[in-house]
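Worksheet for the structure shown next.
From a predicted model like this one, the values you see are computed outputs, not experimental measurements. Chain letters run A, B, ... following the sequence lines, proteins first, then strands; residues in each count from 1.
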Amino acid sequence: MQTHPIATIASLSAHEGQTVTLRGWLYNLRASGKLLFPIFRDGTGTIQGIVPKGAVPEEVFETLKNLTLESSVIVTGKVRADSRAPSGFELDVEGVEVLQRVPDETPFPITLKEHGVDFLMEHRHLWLRTPRQSAILRVRATIMRSAAEYFDTNGFIRTDPPILTPNACEGTSELFEMDYFDDDKAYLTQSGQLYIEATALALGKVYSFGPTFRAEKSKTRRHLTEFWMIEPEVAFLELDGLLELAEGFITHIVTTVLEHHRADLKVIGRDIAKLEAVIAPEQTTAASAPLPSSQVSSFTAGGGPAVGATTEPKVRSTTEAVSPTSESLAEPTLLAQGEAPATPSTLPNRFPRLSYEEAHTMLEDAFAKGLIETRHKDGDDFGSPDETYISSQFSKPVMIHRYPSAIKAFYMQPDPLDPTKALCVDILAPEGYGEIIGGSQRIHDYDLLKSRIEHAELPLASFQWYLDLRKYGSVPHAGFGMGIERAVAWICGLDHVRETIPFARTLNRIYP
RNA sequence: UCCUGAGUAGCUCAAUGGCAGAGCAUUCGGCUGUUAACCGAAGGGUUGUAGGUUCGAGUCCUACCUCAGGAGCCA
């Protein structure tokens, strides 16, 4: 076979008029008498081929006519622009080599028609090949990359905590337990937080990024037993700075996804305007605080209508104000004044902030107007319907801060203005997606932390090393954790987190 | 753990307690611009499992299994 340049389907527009070689799979096949329309996919996209009988060698026509779906092929053909094609291009097939033909007796089980959830999850290893699932995984990869990138370019050091842990962060009932040689037990981590508090006090600004495990018997569209979490932890950071860090973090991720994945989001069926609203500058703030042009262009590039993304200068406005040098090591007190650690103070994108009390008042009003069914009890945590209502009132993620200490984790710093409240924040994604980030300022006083551990009836011995952090140069510090799968579900507009990870682990499924 | 719902052809679903059905997929035939192509034909069933009620059960009852949606809990 004559050799031609090997191309990917995503790059075919650069090969118009050329004969190229594609390597991939037969995605679908339509026939109209002596005219075949095979659709090929290669992981980067799909393209329809045209095979008129008589225009190609007889064996090529016969091979393709009888080819089974998902058979692997190497195809040669000429790229031709065609207004009838969804992607704008078609392939005039000249030759085909079949690497492996799917046997007639065992056809590919995933069809273009509807399937049930159980069937699709049972065939997840094959379901991944469909365009929508592939698009979701590409967006997931960008979300993970841009999340890490935000911290990497802001002076954070990645310090991954252990996966195997000797004890729980917040109790052992929700942990996966395993034998650890002889008589010991080990548990799969449910959060690296306690460990990165230690590395934050060593390095200043740190983050961790890895899998976490929860043995909760939760059976909802928001829960996995194994999920990925990215957690920053910053010495000398207090609650206000933590809010700004999270705001810049989310803005950067959404901006990056919009820069690179408009086509994928369209395949997924996402309403892109909803994402543009998330990063749109607030009118009042933008008008009152003139910005360097580079920062403005970055936001308009993400927020405006489809501009030529390739010609847009690559600007990372949310990270420019802070140099990537490790300033926190040299001058850790930089952040002591409640200063934003990673975002410029002129950041035009402000997420709404509600105190727990304000959120409660909002729910009281909603209940009085009959907008929610059950009344929220002051002092209780918010339920799913509560979170859905609150987030539906805003087009941007909502930050709810200062929950009652009684319903929050033992390590959260009390608010000096009201010690019954904790200096914590939950960030709710819009459109009812609920909590994607939970964070707090941590208790830095030894005696207070010790009494909280005792009050929570946690084994003091297991936490001695954690208490040590308050014994040797303790400082205020804060951090948060974001569940990647919930962020992907929100950004892609999915109704279940099981589609956001290649192989979801849920209460009822650990296969394939 | 609790509440609710669903298990019938490879898939998605029908079927007053009375002959087990359709679309898609597969195979065969037709069609030179199809877009989940279309048209014709064929093959394809221990109705989740085990009991029970009944002349007769996919359908009603009991238990169990599996899955889904929700609650609680959380990211």
Which nucleotide in the set [options] lies at the smallest distance from any side-chain heavy atom of [X]?
X	options	answer
A:L35	B:U27, B:A68, B:U32	B:U32
A:R214	B:C74, B:U34, B:U27	B:C74
A:E216	B:C11, B:C74, B:U34	B:C74

From [atom1] of [X] over to [atom2] of [N], roughly how many Å is that when rounded to an integer?
X	N	atom1	atom2	result
A:F119	B:A25	CZ	P	14 Å
A:D380	B:G72	CG	C1'	12 Å
A:E435	B:G72	CD	P	13 Å
A:Y511	B:C67	OH	C1'	16 Å
A:D381	B:G72	CG	P	9 Å
A:E122	B:C67	CD	P	9 Å

How is [X] classified with respect to the nucleic acid when contacts are heavy atoms under 4.0 Å: base, sugar-phosphate, or nothing?
X	value
A:R221	sugar-phosphate
A:E226	nothing
A:L224	base
A:Q48	base
A:A85	nothing
A:D426	nothing
A:R80	base
A:I110	nothing

Would you say whether A:F37 stacks on B:G33? The test is a distance between ring centres of less than 5.5 Å and an angle between planes of less than 30°.
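Stacking is absent between B:G33 and A:F37, given that the ring centres and planes do not meet under 5.5 Å and under 30°.
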Is a side-chain N or O of A:R442 found less than 3.5 angstrom from the main chain of A:G479, in a donor-acceptor match?
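Checking the backbone N and O of A:G479 against the side chain of A:R442, a donor-acceptor pair under 3.5 Å is found.
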Under 3.5 Å, is there a donor-acceptor pair between the side chain of A:R375 and the main chain of A:L363?
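A pair under 3.5 Å: no.
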Could you tell me the Watson-Crick or G-U partner of [N], where both distances fall under 3.5 Å? Say none if there is no partner.
N	result
B:G17	none
B:U49	B:A63
B:U1	B:A71
B:A22	B:U12
B:C31	none

Polar contact flag, side-chain donor to acceptor under 3.5 angstrom, [X]-[Y]:
X	Y	result
A:S191	A:E231	yes
A:S384	A:R222	yes
A:Q193	A:E233	no

Are A:R402 and A:E357 within salt-bridge range, i.e. N to O under 4.0 Å?
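A:E357 and A:R402: not salt-bridged.
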Assess whether a salt bridge exists between A:E247 and A:R353, defined as any Lys/Arg side-chain N lying under 4.0 Å from an Asp/Glu carboxylate O.
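The answer is yes: the pair qualifies as a salt bridge.
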Mark yes or no for a side-chain to base donor-acceptor pair under 3.5 Å between [X] and [N], with no hydrogen or angle criteria applied.
X	N	result
A:H115	B:C11	no
A:R486	B:C74	yes
A:S218	B:C74	no
A:E114	B:G23	no

How far does the C1' atom of B:A14 sit from the matching atom of B:A6, given to the nearest Å?
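Rounded to whole Å, the distance is 15 Å.
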Please compare A:E387 and A:R30 by the position of their nearest nucleotide in RNA chain B and report the one closer to 5'.
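Taking each residue's closest nucleotide, the earlier one in sequence belongs to A:R30.
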Along RNA chain B (nearest heavy atom to each residue), the more 5'-positioned of A:F227 and A:D104:
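Checking each residue's closest nucleotide, the 5'-ward one belongs to A:D104.
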Taking only the side-chain nitrogens and oxygens of [X], find out if one of them lies under 4.0 Å from OP1 or OP2 of [N].
X	N	answer
A:H496	B:G69	yes
A:K113	B:U12	no
A:N28	B:A36	no
A:S384	B:A71	yes
A:R222	B:G69	no

Compare every heavy atom of A:L64 with every heavy atom of A:V96, then report the nearest pair and how far apart it is.
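Closest approach of A:V96 to A:L64, heavy atoms only: CG1-CG, 4.0 Å.
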